[in-house]
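Have a look at the structure below before the remarks.
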Amino acid sequence: SSSGAINLNSGNVVYLDHDADVTISFSNVSTATQVTIIRTISQYDITWPAAVKWDGPTDEPVLSRNTQSPNVGQVFILKTADGGTTWYGYEEVKSGGYELLTWGDNTVGQLGNSQVGAPWSPPPNSANPGGNLIRKPAVLGSKTNWTGLVGCSGGGSTFGITNENGELFMWGAQTHGQLAGTTIASSGRRSSPTLVSGGGWNAERTRTGCENQVSCLKNDGTLWSWGYMCYGRGGNVPVGCVNLNSPVQVPGTNWASNFTHSRGGGAIRTDGTLWMWGIGLEGNLGVNNRTYYSSPVQIPGSTWKQACGNTAGIAAVKTNGTLWTWGRAEQGSLANNKEDTNYSSPIQIPGTNWAMVGNNYSTKAAIKTDGTLWTWGDNNKGQLGQNQPESSDRSSPVQIPGTDWKYIASGMGQGFHYAIQTDGTLWGWGRADYGQFGTAPGIDAYSSPIQLPGSNYYYAMHQGHSACALRGAQAPGSRYK
């Protein structure tokens, strides 16, 4: 029906089959209550109670309109510990998983197609590069239950993926233990997705920005890391540099989202606090000193929404729409109109309608709530998307044309970016010599966005000279933060 008034005396499992827009409200709420709402897919909207804090904290989940979905629908969990004054909400079951596509460089099997390329001869941008790369997105396998992506660059790039069952699969380079469970070797690699032991993995709220190290959340709010652990980079090894080929837990619980950067990692808890760890020599940890920490330390504030990092500092958005940067500055990477001044605590960038940030190897990009897309930093391959000559670096945000941008990718792609528009199309710009944009050989870079083949993209990630994406029925980027 169209009624959204829910009397919890009648039970706390609600089957919502709404034939009109509906506003949810509750009555007879106990002090500590969990409500499960099972929604049948429809074209109509839901207005949630204003007291609901989503995904700690992120935007409320996007409602699927795909009435042809083979699954029953979406399942939302709402919890309160104060009789309904405040609620914590998250999406437990989505309207369906996604298929996986990979493309680009394949020298260590990072495309996951059971093939491994040989050393480059002839060069990658030649007319006949051999079996080393795929020049446009190609569907990998027949599974459509994938949910999230993790990875890192270094050694040729490593990718990982989680599915609806909470399983984690890894493939690509294994030089420092990145594959989590196989022998470490300088020439180690896996050319097809391989199951990592354990379960409950959830890569839907992870952003990547480091080499040879992987981190991933679990559904129980714990965070785990493995690979290259040097002076606290993994948040769990106190001293020295070691390689770990099995996941080790980062101290703490209630982690809602996480990211890696070239000197370590960071994560946001469900209460909106932001924590950092790793090497702080350039101020990357944002705690007003330049030491290292092998376990999480808190950055001031409790309204952090989403963050990312790379070789050139950290960027983060708060729930009030403000954008903050700190850490290593090179070629304008902190967006504060300065070229190379490091900062060891967060500095605010002008504007109050920033929605999300993303990164490649050395630059960053951000989307505002009005759908505009902005970039800054290094432009050695046109990765700022300004249709300008290479090496036109920018130390403050510059706009890429358009107002329909929905999601900006993260990863350690060297010299290129990806973003998804509201219609589910995938766009890229920057370095193109490894087939990053599905174009014919002969063009080294694009300094303005071009559309990749296909549609209905949900998420993309880039590492090194390779990329992967999820494609399915849901709106782009509705869960990835």
Side-chain angles (χ1 to χ4, degrees), residues 51-61 86-90 202-210 215-217 221-223 225 235 250-261 263-278 280 283-289 293 295-310 312-328 333-336 343-359 364-369 374 397 407-408 410 477-481:
V52 177
K53 185 178 183 180
W54 290 101
D55 268 356
T58 62
D59 299 328
E60 66 184 49
T86 57
W87 294 85
Y88 170 64
Y90 59 93
N202 186 346
E204 292 184 88
R205 294 184 296 277
T206 294
R207 285 187 175 266
T208 62
C210 70
S215 295
C216 190
L217 293 163
T222 58
L223 176 61
S225 62
V250 175
T253 57
N254 297 323
W255 300 111
S257 65
N258 77 294
F259 63 98
T260 57
H261 57 93
R263 302 294 188 264
I268 298 174
R269 283 183 166 154
T270 55
D271 61 3
T273 56
L274 172 59
W275 301 72
M276 301 286 295
W277 55 89
N284 283 353
L285 305 189
V287 289
N288 202 30
N289 63 40
Y293 292 86
S295 59
V297 291
Q298 185 180 351
I299 288 181
S302 60
T303 58
W304 297 100
K305 177 182 178 181
Q306 180 256 322
C308 70
N310 55 12
I314 314 299
V317 174
K318 289 187 175 183
T319 56
N320 62 2
T322 56
L323 172 63
W324 302 75
T325 63
W326 63 93
R328 182 182 181 182
S333 61
L334 298 188
N336 63 340
Y343 285 82
S344 60
S345 58
I347 54 174
Q348 185 176 350
I349 307 307
T352 57
N353 63 337
W354 299 100
M356 70 169 62
V357 287
N359 62 279
K364 296 183 181 68
I367 295 176
K368 291 185 175 183
T369 55
W374 302 74
Y407 183 80
I408 181 69
S410 280
S478 61
R479 290 263 300 175
Y480 289 81
K481 301 298 176 187

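What you see is a predicted model; the values in this text were computed from it and never measured.
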With side chains defined as the heavy atoms from C-beta onward, is the minimum distance between [X] and [Y] less than 4.5 Å?
{"X": "M356", "Y": "V317", "answer": "no"}
{"X": "K364", "Y": "T325", "answer": "no"}
{"X": "I408", "Y": "V357", "answer": "no"}
{"X": "R328", "Y": "N310", "answer": "no"}

Quick one: pull up [atom1] in [X] and [atom2] in [Y] and give me the separation to the nearest 0.5 Å.
{"X": "L323", "Y": "K305", "atom1": "CG", "atom2": "NZ", "value": "12.0 Å"}
{"X": "Q348", "Y": "N336", "atom1": "CD", "atom2": "CG", "value": "12.0 Å"}
{"X": "T369", "Y": "N353", "atom1": "OG1", "atom2": "CG", "value": "4.0 Å"}
{"X": "T208", "Y": "N359", "atom1": "OG1", "atom2": "CG", "value": "6.5 Å"}
{"X": "I314", "Y": "W324", "atom1": "CD1", "atom2": "CH2", "value": "15.5 Å"}
{"X": "R205", "Y": "Y90", "atom1": "CZ", "atom2": "OH", "value": "10.0 Å"}

What closest approach, in Å, do [X] and [Y] show between heavy atoms, and which atom pair accounts for it?
{"X": "I349", "Y": "P397", "answer": "CG2-CG, 4.1 Å"}
{"X": "L285", "Y": "G280", "answer": "CG-CA, 3.9 Å"}
{"X": "P346", "Y": "I299", "answer": "CG-CG2, 3.9 Å"}
{"X": "P251", "Y": "G235", "answer": "CD-O, 3.0 Å"}
{"X": "A267", "Y": "W255", "answer": "CB-CE3, 3.4 Å"}
{"X": "S410", "Y": "G358", "answer": "OG-CA, 3.3 Å"}

If we ignore hydrogens and angles and just use 3.5 Å, is the side chain of R207 paired with the main-chain N or O of G309 as donor and acceptor?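 Here the side-chain-to-backbone pair does not exist.
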
Backbone N or O of N284 within a donor-acceptor pair of the W326 side chain at under 3.5 Å?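 Judged by distance alone, yes, a pair lies under 3.5 Å.
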
Contacts of T352 that satisfy side chain to side chain contact (heavy atoms under 4.5 Å, CB included) - sequence neighbours left out: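 Partners of T352 by the side chain to side chain contact (heavy atoms under 4.5 Å, CB included) criterion, ordered by chain and then number, come out as T322.
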
Under the side chain to side chain contact (heavy atoms under 4.5 Å, CB included) test, which residues partner S215, sequence neighbours left out?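 Residues passing side chain to side chain contact (heavy atoms under 4.5 Å, CB included) with S215: Q213, L223, S225, N258, T260.
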
Can you name the ring pair (Phe, Tyr, Trp, His ring centres under 6.0 Å) partners of W277, sequence neighbours left out?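 Residues passing ring pair (Phe, Tyr, Trp, His ring centres under 6.0 Å) with W277: none at all.
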
Step-by-step side chain to side chain contact (heavy atoms under 4.5 Å, CB included) determination, M276 to Y293: CA-CA 8 Å; M276 301 286 295; Y293 292 86; over 6 Å; no

Just do the side chain to side chain contact (heavy atoms under 4.5 Å, CB included) check on T273 and I268 with the steps written out, would you? CA-CA 6 Å; T273 56; I268 298 174; over 6 Å; no

